[in-house]
Enquirer: 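Provided herewith is a single structure, encoded as structure tokens, for subsequent inquiry.
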Amino acid sequence: MFWLIIGVLLFLLIRNQFDMQRTGKDVRRIVRAAGRAARSAVRAFRDSAQEARKEAEARKAEKKPAEGEEAVSAAGAETAETKENRELLKEMERKAGTAAMLAGVPTLSFPENDPKYDSSRKYTYA
């Protein structure tokens, strides 16, 4: 590792014609970039760990019966049809949420044959 650092410093010195100030700027730039990369990696790792924790809590909450519901015994476990219905319901809720978000998005509509919006018009002169 030591020889690698020495090699990089020697390369930077030669590239900057042995100007210590420019070499120092290059070293600081490299250190900042490495710091940013490390911070983004740590942030990505932390975010994925939080998502995994949330998913685990959601799975744990699904396994526990909600208040007011009777606990289902092992013999009366959910049938395949019930599981399928729940999955369809979740998918419909996701689609409804997406549709609601898209409904509020403003869009622009341009008439097809309007010369005002003709792209070749910008190259013609009056």
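Because the structure is a prediction, the values reported are computed rather than measured.
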Enquirer: Going by the rule side-chain contact (heavy atoms from CB on, under 4.5 Å), which residues pair with L13 if we only count those two or more places apart in sequence or in a different chain?
Expert: F18, M20, T23
Enquirer: Is the closest side-chain heavy-atom distance between E81 and N85 below 4.5 Å?
Expert: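 Contact flag for E81/N85 side chains = yes.
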Enquirer: Considering only residues two or more places apart or on different chains, which pairs with a residue in residues 38-51 satisfy salt bridge (charged side-chain N to carboxylate O under 4.0 Å, His left out)?
Expert: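 The answer is none; no pair qualifies.
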Enquirer: Between I30 and I6, is there a shared hydrophobic cluster once you connect ILVMFWY residues whose side-chain heavy atoms come closer than 4.5 Å?
Expert: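 Shared cluster, no.
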Enquirer: Should L10 and L12 be counted in the same cluster of Ile, Leu, Val, Met, Phe, Trp and Tyr side chains packed under 4.5 Å apart?
Expert: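 The answer is no; the residues belong to distinct hydrophobic clusters.
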Enquirer: Run the salt bridge (Lys or Arg N to Asp or Glu O under 4.0 Å) test against K54 and tell me which residues pass, sequence neighbours left out.
Expert: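 Scan of K54 (salt bridge (Lys or Arg N to Asp or Glu O under 4.0 Å), adjacent residues dropped) gives none.
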Enquirer: Can you check whether V8 reaches V27 side chain to side chain, under 4.5 Å on heavy atoms?
Expert: no
Enquirer: Taking only residues two or more places apart in sequence, or in another chain, which ones meet R29 in a salt bridge (Lys or Arg N to Asp or Glu O under 4.0 Å)?
Expert: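 If we apply the salt bridge (Lys or Arg N to Asp or Glu O under 4.0 Å) test to R29, skipping adjacent residues, the hits are D26.
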Enquirer: Using the salt bridge (Lys or Arg N to Asp or Glu O under 4.0 Å) criterion, which residues pair with E91? Sequence neighbours excluded.
Expert: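 Scan of E91 (salt bridge (Lys or Arg N to Asp or Glu O under 4.0 Å), adjacent residues dropped) gives K95.
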Enquirer: Taking only residues two or more places apart in sequence or in another chain, which ones pass side-chain contact (heavy atoms from CB on, under 4.5 Å) with Q21?
Expert: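 Partners of Q21 under the side-chain contact (heavy atoms from CB on, under 4.5 Å) test: D19.
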